There are 2 protein chains.
Amino acid sequence: MSKCQHCIVRRFNSFNSLTKEELIRISSCKTTRKIKKGETLFEEGERINGIYCIKEGVCKISKMSENGRNQILNLLKHGDLLGQRSLVSDEVSNLKAVALNDMKVCFIPKEEILSDLEKNPDFTLSILKDMATSLKIADNVIVDMAQKTVKQRLAEVLLKLNTIFHNKNEDVINLKLSREEIANLIGTATESAIRLLSEFKKKNIIEFKGKNIAILNKVELEKIVQGF
Amino acid sequence: MSKCQHCIVRRFNSFNSLTKEELIRISSCKTTRKIKKGETLFEEGERINGIYCIKEGVCKISKMSENGRNQILNLLKHGDLLGQRSLVSDEVSNLKAVALNDMKVCFIPKEEILSDLEKNPDFTLSILKDMATSLKIADNVIVDMAQKTVKQRLAEVLLKLNTIFHNKNEDVINLKLSREEIANLIGTATESAIRLLSEFKKKNIIEFKGKNIAILNKVELEKIVQGF
DNA sequence: CGGTATCTTGATTGGTATCAACTTAAGTGG
DNA sequence: CCACTTAAGTTGATACCAATCAAGATACCG
């Protein structure tokens, strides 16, 4: 089994604030899971009792709205942590996590991390910084959802996806999302998302390469985000 | 000048995790400000460099959207802390804070708190819990903004305001908000909010008592939130 | 008391959801 | 490997919701 102290993924998250000794201890009690595309890491209402560290793959974090629609709140990839809230709260999860492609994740039980949270202020501060950043991003999303049109939100999401899941070789968003998932990401009906995508395609702003989307005109997308 | 170690406000926030000694030190370097209704505590883009503790009054936390509309993200009252993000981030504020009525706030410079963050894990954990809760609430707001109609959101906000700013004597929301502010809270145009308020009034769900709003039929509001 | 901000209502337009029909792609089992 | 079944994607028509523009009413303030 691979060891946390040698894991490159750690470079991208709060675990790089842990000492070598802490990493060795955590490494000895972690469990590594392989999750197939489409499988659920955890459900809304499930007790997590630990933290997930994503080694490979991408998952969507979503929440059901009262009217039965699914809202995707975040996409997490290698290096991201998942379940920080369970560390400081005894509540069940308010979110659901589903793999968008094959994943490898490490799970570290809550008890193992809690002692570090109390003894290693650097680690706690790092988690705190992460949460503060998430909070800032959430504020921006709220404003977007409340004030921007679906078209603006779609353009914004496409640009964001292009930044995060950009393929080095081709100019393509390297993540397969169904139309429904795109709609759930921007908070609209599937048909609306489809219509706008085909409008963008007609205007040569994007292109469909198999199941993937290529961004042809980033400047135009940025204009659309601004409201033109 | 009043002392932090004797301040009741502290019972409601993370400061109750500080030791008596820490409170005495913080008390000696805090500054107390009186802020008149309508005055700004800080602007978007301003550097805060400290944390505000609200002793009296209510303020709105808002953010300007790119299309020039103002979105109110939160209402803070006595006992609430403000500026936690500045503690762990060197960035300027992404939010604006304006007093909704006359306020008394204590300001504690960042440097004074930082040492406690590193030495007192209880305090850090308490801040962490606060942020985790805020994050959960923010997730809910995102889903609401993305999926619910303006009418649902208005009903929800009225119920929330009634819970938080409920007057003991009368059944009235004890907080004066302009129609524009209500609209900015639910993320809609002022006229839309007005129209829905008058619709609610016509149906005897709410009533206008001077500048305040009284909730007459809570059950009906809850139904509207659910989508009926 | 006049002037200004806030509030209110009406009319219109545009955006988005919804329903329905159809096409294309992806599995699945014989 | 093909025929069948089902899921995903697409397009059109319609209805509803909310933004915007316009005009007037009411409250507020110096």
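Residue numbers start from 1 in every chain, and the chains themselves are labelled A, B, ... in the order their sequence lines are given, proteins ahead of strands. All heavy atoms count here, side chains included; hydrogens, waters and symmetry mates do not. Here the structure is a predicted model, which is why all the values come from computation and not from measurement.
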| field | E220(B) atom CD: more than 12 heavy-atom contacts under 6.0 Å | value |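 Count over threshold, so yes.
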
| query | When you look at NZ of K110(A), are more than 12 heavy atoms from neighbouring residues, nucleotides or ligands closer to it than 6.0 Å? | reply | yes

| request: Could you walk me through whether K136(B) and E91(A) pass side-chain contact (heavy atoms from CB on, under 4.5 Å), step by step? | output: CA-CA 11 Å; K136(B) 181 184 172 183; E91(A) 298 170 27; 2.5 Å; yes

| field | Electrostatic pair E191(B):R179(B) at N-O distance under 4.0 angstrom | value | no

| Taking every non-hydrogen atom, the tightest pair across N204(A) and N217(A) | O-CB, 4.1 Å

Taking [atom1] from [X] and [atom2] from [N], how many angstroms apart are they, rounded to a whole number?
X	N	atom1	atom2	value
Q147(A)	dT16(C)	CD	C1'	17 Å
K176(A)	dA26(C)	NZ	P	10 Å
E199(B)	dC7(C)	CD	C1'	18 Å

| Could you write nucleotides 5-21 of chain D as a row of B, S and -, 5' to 3', where a protein heavy atom under 4.0 Å of any base atom gives B, of only sugar-phosphate atoms gives S, and otherwise -? | ---SSBBBB----SSBB

